[in-house]
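Step one of this worksheet: look at the structure below.
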2 protein chains.
Amino acid sequence: MTKSKQNTLFVGTLAKGLRVLRAFDETHTELSLVELASLTGLDKSAVQRLANTLHLEGMLDKDPVTRRYRPTHAWLQLAYAYYWSNPLVARAMPKLIDLSQRLGETVNLAELSGDRIIYTARLPCTRTIFAASVPGRTVPALNTSAGQVILATHPSDERDAAIRDWHLHAHTSRTTLDRAEIARQIGTVVQNGFAITHDQMILSEIGIACAIRGPDSRGRAAVHCSVSAHHWDEARIKAKILPWLLDAANAISPILRP
Amino acid sequence: MTKSKQNTLFVGTLAKGLRVLRAFDETHTELSLVELASLTGLDKSAVQRLANTLHLEGMLDKDPVTRRYRPTHAWLQLAYAYYWSNPLVARAMPKLIDLSQRLGETVNLAELSGDRIIYTARLPCTRTIFAASVPGRTVPALNTSAGQVILATHPSDERDAAIRDWHLHAHTSRTTLDRAEIARQIGTVVQNGFAITHDQMILSEIGIACAIRGPDSRGRAAVHCSVSAHHWDEARIKAKILPWLLDAANAISPILRP
DNA sequence: TGCAAGGTATCACTATATGATACTCGCTTC
DNA sequence: GAAGCGAGTATCATATAGTGATACCTTGCA
């Protein structure tokens, strides 16, 4: 009704239910009925039914006193099912663990998802902030070393289109928002085979990434390492981190090199 | 129709859509239409519509050649939202990281969910198997050290009811299925304040757990450590692991001890 | 070449979701 | 402490939106 539904293959009610689930994020950790209604754009009655159904189905907890809804453990179980369906994670995990213990620094598996990077596996270290210690976080690909190193493996026309069109977001005051500058950076990534970025997601953080290539040699994921600028400079990173990072990325890649 | 729907507050269509999502698990990583139909008990047409909707909404990928469905990154994003809604994880994470680096062994945050334990945060080490390296896995509480140590903080009537009624599952040939034996074990856990189990989830694995207590001093979660019986015996565990595990669990507990 | 199994598309029907309305309960506020 | 407000809950007549039977395609196998 609100918008013309595609056709008879589309179940609007289910789509609305998903809107309710997706209303929850890092800034909306528990929501009341009216908050859900305003976030989803659905009317109060609909949200009442939908949220109640999700509650009965074990997808939403309901605080008996405040009447507010929050995600349940079931959300994590879905993630668990996801992990089994993603063969890359299983192949990467042992290498990532090795790498993490060798470096003593935060190590991630990053995958491209549309124009964003999603961190699918994370091995945090002592200094890691919370947002970077749990999996599932997504950030604009162009703003991250992982995104840049993946993009650098793509044909140049796709690359140019991505640099032109993909979304950017200033997570810090020093996030690069200048697309020409990003294009230049990715140019050097193409040469080097690795990417290093500074201060993009949080200040004084350095991100280093190497691409994991598919059988077609196209990158769809990256091994990513995040370190503090207070403890590391580029020279030491290139000497002490990069070789291992490259090794790990290559070991994970299913590519058949002749 | 199939079963009498509760009442007008329940949206059957949404519930069916969730059935489709939950059809995926460790043994069902990608599913065809008819497989989905038989797993969910829904008819082919319904699954067709539901799966198609989930696909259009970005919850299911569809392999263009095999026509099979699989979970998308969105499932992990839900997990990310979950993490922000669970305050325990944020509080526990730094302590768990410390602990993991100090011990060099696999460390988990385990929470009680019905009669099961769900691992909400995991810090794997080199020897960790895949299933134990990704979060969201659930196992019967009675069969795990984490479940036992949590249950040991509950009033004895609840404890007895749980030991009598909760589900068990033999993951290995040596999993304890004798409820009297489990009762005995939990009895000693009550005395000791920690739990140690052998060979319950996989062979030659030793699980050690300490309870995280809520403000009412009731345990709802545990810090859990998993080590190999080839490298550790109980004496060394008690000397080298337990003290740190207890410390971590206490540090995470929001309980106010006088 | 023909069959079987799985995926796709269509359609008339009515069960099912809809959303307006009204009721209840806790709060502030005056 | 009455009045007003905001939020959650419950009910109901209506027609929209999901249903599931059927038929059509496509693919793989014998």
Side-chain angles (χ1 to χ4, degrees), chain A residues 1-24 28-72 85, chain B residues 1-24 27-57 59-72 85:
Chain A
M1 171 127 194
T2 49
K3 52 190 71 168
S4 61
K5 298 310 176 193
Q6 353 275 90
N7 16 0
T8 175
L9 275 286
F10 187 82
V11 182
T13 309
L14 175 53
K16 288 177 197 164
L18 296 175
R19 303 251 292 277
V20 172
L21 291 181
R22 298 210 257 220
F24 294 87
H28 302 99
T29 60
E30 56 168 44
L31 292 168
S32 69
L33 217 49
V34 292
E35 287 168 339
L36 274 172
S38 85
L39 280 170
T40 57
L42 301 170
D43 90 10
K44 192 170 119 175
S45 293
V47 172
Q48 178 189 182
R49 277 190 299 271
L50 264 10
N52 182 248
T53 304
L54 291 168
H55 175 53
L56 292 174
E57 291 293 314
M59 295 299 295
L60 289 178
D61 277 338
K62 184 175 190 174
D63 185 309
V65 29
T66 69
R67 262 83 238 278
R68 310 185 111 233
Y69 294 96
R70 37 177 42 239
T72 68
S85 77
Chain B
M1 173 119 191
T2 49
K3 51 191 74 169
S4 61
K5 298 310 177 193
Q6 351 275 91
N7 12 2
T8 174
L9 273 287
F10 186 81
V11 181
T13 309
L14 175 53
K16 288 177 197 163
L18 296 175
R19 304 250 293 276
V20 172
L21 292 181
R22 299 209 256 218
F24 294 87
T27 58
H28 302 99
T29 60
E30 56 169 44
L31 292 168
S32 69
L33 217 47
V34 291
E35 287 168 340
L36 274 172
S38 85
L39 280 169
T40 57
L42 301 169
D43 89 12
K44 194 170 119 176
S45 294
V47 172
Q48 178 188 183
R49 278 190 298 271
L50 263 10
N52 182 246
T53 304
L54 291 168
H55 175 53
L56 293 172
E57 291 293 313
M59 295 300 295
L60 288 178
D61 278 338
K62 184 175 190 174
D63 185 308
V65 29
T66 68
R67 262 83 236 280
R68 309 185 113 235
Y69 294 95
R70 37 179 40 242
T72 67
S85 78

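Since the model is a prediction, treat every value here as computed from it, not as a measurement. Just so we're on the same page: letters track the sequence lines, and every chain starts at 1.
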If I take atom [atom1] in residue [X] and atom [atom2] in nucleotide [N], what distance separates them, rounded to the nearest angstrom?
{"X": "B/N52", "N": "C/dA9", "atom1": "CG", "atom2": "C1'", "answer": "11 Å"}
{"X": "A/L33", "N": "C/dG19", "atom1": "CG", "atom2": "C1'", "answer": "14 Å"}
{"X": "B/R49", "N": "D/dA17", "atom1": "CZ", "atom2": "C1'", "answer": "10 Å"}
{"X": "B/K44", "N": "D/dC24", "atom1": "NZ", "atom2": "C1'", "answer": "11 Å"}
{"X": "A/E35", "N": "D/dA7", "atom1": "CD", "atom2": "C1'", "answer": "11 Å"}
{"X": "A/F10", "N": "D/dG18", "atom1": "CZ", "atom2": "C1'", "answer": "13 Å"}
{"X": "A/Q48", "N": "C/dT16", "atom1": "CD", "atom2": "C1'", "answer": "16 Å"}
{"X": "A/L60", "N": "D/dG8", "atom1": "CG", "atom2": "P", "answer": "14 Å"}

Starting at the 5' end of DNA chain C, which residue's closest nucleotide do you reach first, B/K62 or A/L50? B/K62
Return the 5'-most residue of the pair A/V11, A/S32 with respect to DNA chain D, ranking by each residue's nearest nucleotide. A/S32
A/L9 side chain: which of D/dG8, C/dG6, C/dT10 is closest? C/dT10
Report yes if a side-chain nitrogen or oxygen of [X] is closer than 4.0 Å to either non-bridging phosphate oxygen (OP1 or OP2) of [N]; otherwise report no.
{"X": "B/S45", "N": "D/dG18", "answer": "no"}
{"X": "A/R68", "N": "D/dA7", "answer": "no"}
{"X": "B/T13", "N": "D/dA17", "answer": "no"}
{"X": "B/K16", "N": "C/dA17", "answer": "no"}

Under 3.5 Å donor-acceptor, A/T72 side chain and A/G58 backbone: yes
Is the shortest heavy-atom distance from the side chain of B/V20 to the side chain of B/L42 under 4.5 Å? yes
[atom1]-[atom2] distance between [X] and [Y], expressed to the nearest 0.5 angstrom:
{"X": "A/T29", "Y": "A/R68", "atom1": "OG1", "atom2": "CZ", "result": "8.0 Å"}
{"X": "B/L14", "Y": "A/L18", "atom1": "CG", "atom2": "CG", "result": "7.5 Å"}
{"X": "B/L50", "Y": "A/F10", "atom1": "CG", "atom2": "CZ", "result": "11.0 Å"}

